[in-house]
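Following: one structure in structure tokens, then a few remarks.
Within every chain, numbering begins at 1; the chains are lettered A, B, ... in the order of the sequence lines, protein sequences first and strands thereafter. The model shown is predicted, which means the values in this text are computed figures rather than measured ones.
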Amino acid sequence: MYVVLSRSSRGIVALRLADDASEIAPAETVSEADLPAWVARLERERPRWVWDDTTRWYPQLLAAGVRVERCVDLRLSHALLRGSTLTATSTLALSPVGHWDRATPLADKPETHGALFDLDDDPAETAPTDPLAEFLLQRDATATAAEPGRIGLLLAAESAGALIACEMKSAGLPWHADVHERLLADLLGDRPRGLERPAKLEELLDRMRAILGTHDVNPDSPAELLKALRRTGLQVASTRSWELKEIDHPVIAPLLEYKKLSRLQTANGWNWLDTWIADGRFRPDYVPGGAATGRWGASGGGALQLPKQIRGAVIADPGWKLVVADAAQLEPRILTALSADRAMAEAGRGDLYEGIVASGAVKTRAEAKVAMLGAMYGATAGDGGRLMPALTRAFPRAIAVVEAAARVGERGDIVTTRLGRSSPLPGEAWRELQESASVQGASDALQRAARGQSRGWGRFTRNFIVQGTAAEWALCWMAGLRGRLWDLRGGRFTDRPHLVFFLHDEVIVHTPPELADEVVAQLEAAASDAGRLIFGEMPVRFPITTAVVDNYSQAK
DNA sequence: GGGTCTTGCGCG
DNA sequence: AAAGCGCGCAAGACCC
């Protein structure tokens with residue numbers, strides 16, 4: 001059963017549909033206040049809730065203690081179906097851009113009344129905002145796809161991700177502000193009063209000034225710092241840390257330390273604590289599908305960039321544990337499965353990089369890693385580029401897949417992940433440059449620029465198929481895990497083991513300690529499920545590493 | 001004074 | 001090991 005929800009001036013309209021989308025009963029109207037109880041009652045029949053945007057419905061349900069098993073997020077699904085090459089000839093994909101094509105969550109838009117059949121403010125918009133009409137269009141697009149199972153799985157996984165994103169924000173990542181403050185004090189010194197620097201930074205700055213023999217240099221200004229370094233006779237093109245590391249000069253050590261600590265202070269210092277931690281929880285907005293490749297984005301507090309330095313402040317509640325799990329060498333394994341490269345699958349029976357060494361392609365594990373990253377990112381120079389021929393000889397099928405994806409991008413075409421997420425087309429400026437460089441008599445400089453731009457888009461599409469399919473694996477892993485965790489015991493959502501963090505190929509589960517071993521088993525089971533769901537019976541393993549810990553910094 | 005671009009760096 | 005992919009954020013630079 002499906003239940004399509006929409007808001008109207010009279011309240012919430014709920015329409016029950018059978019699995020073939022035929023209407024079961026006339027629409028019902030429910031008040032906002034009654035919605036959570038009404039949803040909880042109907043949830044026993046395990047419907048799939050159909051709504052315009054999960055962020056507009058689910059947070060208030062969670063706040064009322066109501067968790068749902070599954071949904072269709074029409075906005076996210078629409079974006080996938082609109083762009084996918086698997087549904088390119090569908091009515092949905094051929095219809096004009098409209099209400100369902102906005103990139104940002106619909107919640108960002110002020111509430112309109114009579115939303116069921118309302119047209120958007122933009123008079124050019126003719127597509128209906130009616131969720132039932134949109135849902136039927138989406139079903140049609142899926143059913144008429146060449147392989148409905150692929151795109152269907154992707155839509156289900158994306159919608160499950162939308163539920164998980166809301167649940168993780170609702171539960172929050174357990175965060176000890178006092179521990180965080182102690183970490184800051186150890187590294188930076190006491191919290192400064194006004195705008196002055198913390199003691200440790202001031203000390204480092206004094207040392208740098210003494211060495212440089214100047215007082216008027218602002219180390220936080222790259223331009224000023226660059227000038228000061230050049231006055232001292234250092235040949236540098238920028239003030240990037242990796243470039244400074246190559247230089248032998250007494251000012252470099254304190255400067256690099258200053259940069260590191262200054263970064264901590266500005267990105268995750270006291271201001272960050274004041275802004276983002278409340279009630280012992282960090283609650284960023286997770287943005288499913290935030291990156292073109294299908295990876296999630298996040299906003300508020302830089303949730304996907306938590307530096308290792310402060311992960312010790314992520315601490316399980318008293319009487320609880322954190323289970324930290326990550327997929328080992330996920331992207332190369334995804335490439336193995338995408339290409340059905342048996343030699344690489346063989347190398348991946350254990351540690352993939354050791355396996356590549358054992359195959360004889362490269363000499364060391366470090367080389368294997370650089371070579372694989374180079375293959376997936378499109379390295380042209382350095383060790384990554386240098387190792388490519390050997391890697392290509394050992395694993396021709398795998399390398400052929402990424403090379404083919406690069407060629408597609410270089411000519412401005414679209415690539416598609418395993419489940420059907422398609423890459424965007426390059427923009428107008430890209431095409432204009434390609435065209436202007438292809439006319440008779442175009443200058444060498446213009447042709448070089450066009451070639452560089454073309455290769456750049458090729459690197460994007462090369463990586464897109466791997467990163468995007470890895471994101472699909474991660475979504476399937478998490479969606480399966482979510483159901484498995486729910487089944488581990490009864491009670492409210494946050495009384496059971498539950499997800500509290502997700503970072504591309506890594507998750508954190510907050511769990512009562514007596515269930516930690518069971519959580520580990522479910523993490524592993526969900527990982528093998530994900531591989532089978534996406535790739536079928538293929539001899540590619542997706543091992544995960546797990547750690548049961550009290551705080552995040554104890555993992556890895 | 002405010003808005004946008006650039007630089008640099010954190011994460012995967 | 002090298003500077004190849006995807007992001008978000010803060011501060012300074014730059015422009016009006």
Atom-pair distance ([atom1] on [X]; [atom2] on [N]), nearest Å:
{"X": "A/Leu256", "N": "B/dG8", "atom1": "CG", "atom2": "P", "value": "13 Å"}
{"X": "A/Ile508", "N": "B/dG12", "atom1": "CD1", "atom2": "P", "value": "11 Å"}
{"X": "A/Arg462", "N": "C/dG4", "atom1": "CZ", "atom2": "P", "value": "13 Å"}
{"X": "A/Asn268", "N": "B/dC11", "atom1": "CG", "atom2": "C1'", "value": "11 Å"}
{"X": "A/Trp473", "N": "B/dG12", "atom1": "CH2", "atom2": "P", "value": "16 Å"}
{"X": "A/Glu367", "N": "C/dA2", "atom1": "CD", "atom2": "P", "value": "10 Å"}
{"X": "A/Leu226", "N": "B/dT7", "atom1": "CG", "atom2": "C1'", "value": "11 Å"}
{"X": "A/Trp242", "N": "B/dT7", "atom1": "CH2", "atom2": "P", "value": "14 Å"}

Can a side-chain donor-acceptor contact be found between [Y] and [X] if the only test is distance below 3.5 angstrom?
{"X": "A/Asp351", "Y": "A/Gln329", "answer": "yes"}
{"X": "A/Tyr258", "Y": "A/Arg197", "answer": "yes"}
{"X": "A/Gln434", "Y": "A/Gln453", "answer": "yes"}
{"X": "A/Thr461", "Y": "A/Asn463", "answer": "no"}
{"X": "A/Asp73", "Y": "A/Tyr58", "answer": "no"}

Does the side chain of [X] get closer than 4.0 angstrom to OP1 or OP2 of [N] through an N or O atom?
{"X": "A/Lys259", "N": "B/dC9", "value": "yes"}
{"X": "A/Thr239", "N": "B/dG8", "value": "yes"}
{"X": "A/Lys245", "N": "C/dA3", "value": "no"}

Candidate nucleotides C/dA13, C/dA3, B/dC9, ranked by approach to the side chain of A/Ser221 - the nearest | C/dA13

[X] near the nucleic acid: base, sugar-phosphate alone, or nothing, with a heavy-atom cut-off under 4.0 Å?
{"X": "A/Arg311", "answer": "sugar-phosphate"}
{"X": "A/Leu264", "answer": "nothing"}
{"X": "A/Lys369", "answer": "nothing"}

Counting only heavy atoms not in A/Glu196, do more than 12 fall under 6.0 Å of its CD?
-> yes

What is the ring orientation for A/His510 with A/His498, classed by angle as parallel under 30°, tilted 30 to 60°, or perpendicular over 60°?
-> perpendicular

Name the orientation of the base relative to the sugar in C/dG12: syn if the glycosidic angle is within 90° of 0, else anti.
-> anti

Tell which nucleotide pairs with C/dG8, taking only Watson-Crick or G-U wobble pairs whose two distances are both under 3.5 angstrom.
-> B/dC9

How does protein reach along nucleotides 5-11 of chain C, written 5' to 3' as B (base within reach of a heavy atom under 4.0 Å), S (only sugar-phosphate), or - (no contact)?
-> BBSBSSS

